[in-house]
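Single-structure report; data block below.
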Amino acid sequence: MANPRIARLQDQIRVIVAQMLQSRIKDPRLGFVTITDVRLTGDAREATVFYTVMGKEDDLVATAAALESAKGLLRSTVGKRLGLRYAPALDFVPDATSQTAQDMEELIARARKSDEELASRKGHDYASEPDPYRQDDEAPQDDEQE
């Protein structure tokens, strides 16, 4: 289980960075960015900040450049607000969760379509039994071993 102090710091860093991006960072390259998660190393020296951006690929590239240029201000603000001896180095990484979810949705839709095509064919039959799993009444008896 993770250190509760580190978990608390992760949440606080996420809130501070999100507030700073909303109120103090006025970079025109910064798009509609959302801070989704922060992962902090055990010694609290390095923080990986995950973010998502609404828009196209160009918006993602521009936002990444804006975050990179604001990294120093964000790091010093995090260090001051948390009262840490060493402010963690911030590393911004695009969050792939939404893209992964979209890919999964496409795979499920493709599998559903292929299942519907197979079901619409006449004379289709199961490759095995309709219910291939063993039922409780079919369980082997231990009496035979005695």
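None of the values given here were measured: they were computed from a predicted structure.
Checking side-chain atoms of Thr63 against main-chain N and O of Leu60 turns up no donor-acceptor pair under 3.5 Å.
By the salt bridge (charged side-chain N to carboxylate O under 4.0 Å, His left out) test, Asp91 is found to be paired with no residue, residues two or more places apart in sequence or in another chain being considered. Partners of Ala62 under the side chain to side chain contact (heavy atoms under 4.5 Å, CB included) rule, at least two apart in sequence or in another chain, are Arg29. For Glu106, the side chain to side chain contact (heavy atoms under 4.5 Å, CB included) partners two or more places apart in sequence, or in a different chain, are Gln102, Asp103. Applying the side chain to side chain contact (heavy atoms under 4.5 Å, CB included) criterion to Gln12, with sequence neighbours excluded, gives Arg8, Leu9, Leu82.
At a threshold of 4.5 Å between non-hydrogen side-chain atoms, the residues Ile16 and Leu74 do not count as touching. Side-chain contact between Leu73 and Met20 is present, with at least one heavy-atom pair separated by less than 4.5 Å. When side chains are defined from C-beta on, Leu40 counts as touching Pro88, because their heavy atoms get closer than 4.5 Å. For the pair Val17/Val38, no side-chain contact is recorded, criterion being any heavy-atom separation below 4.5 Å from C-beta on.
When the shell of 6.0 Å around CD of Gln22 is examined, it contains 12 or fewer heavy atoms from other residues, nucleotides or ligands.
Pairs of residues two or more places apart, or lying in two chains, that qualify as salt bridge (Lys or Arg N to Asp or Glu O under 4.0 Å) and include a residue from residues 62-88 are Glu68-Lys71. Residue pairs that meet the salt bridge (Lys or Arg N to Asp or Glu O under 4.0 Å) test with at least one member in residues 49-61, sequence neighbours left out, do not exist here. Applying the side chain to side chain donor-acceptor pair (under 3.5 Å) test to pairs two or more places apart or on separate chains, those with a residue in residues 33-43 are Thr36-Asp95, Asp37-Arg39, Thr41-Asp43. Applying the side chain to side chain donor-acceptor pair (under 3.5 Å) rule to pairs touching residues 46-55 yields nothing, sequence neighbours excluded.
With side-chain heavy atoms closer than 4.5 Å counting as contact, directly or through intermediates, the hydrophobic cluster containing Phe50 also holds Val93. Cluster partners of Phe32 are Met54, counting Ile, Leu, Val, Met, Phe, Trp and Tyr whose side-chain heavy atoms approach within less than 4.5 Å, directly or via other members.
Annotation: the span from Leu90 atom CG to Ile13 atom CD1 amounts to 7.0 Å, rounded to 0.5 Å. For the atom pair CD1 (Ile25) and OG (Ser69), the distance works out to 7.5 Å, reported to the nearest 0.5 Å.
Note: the hydrophobic cluster containing Leu84 also contains Val49 (ILVMFWY, side chain heavy atoms under 4.5 Å, direct or indirect links).
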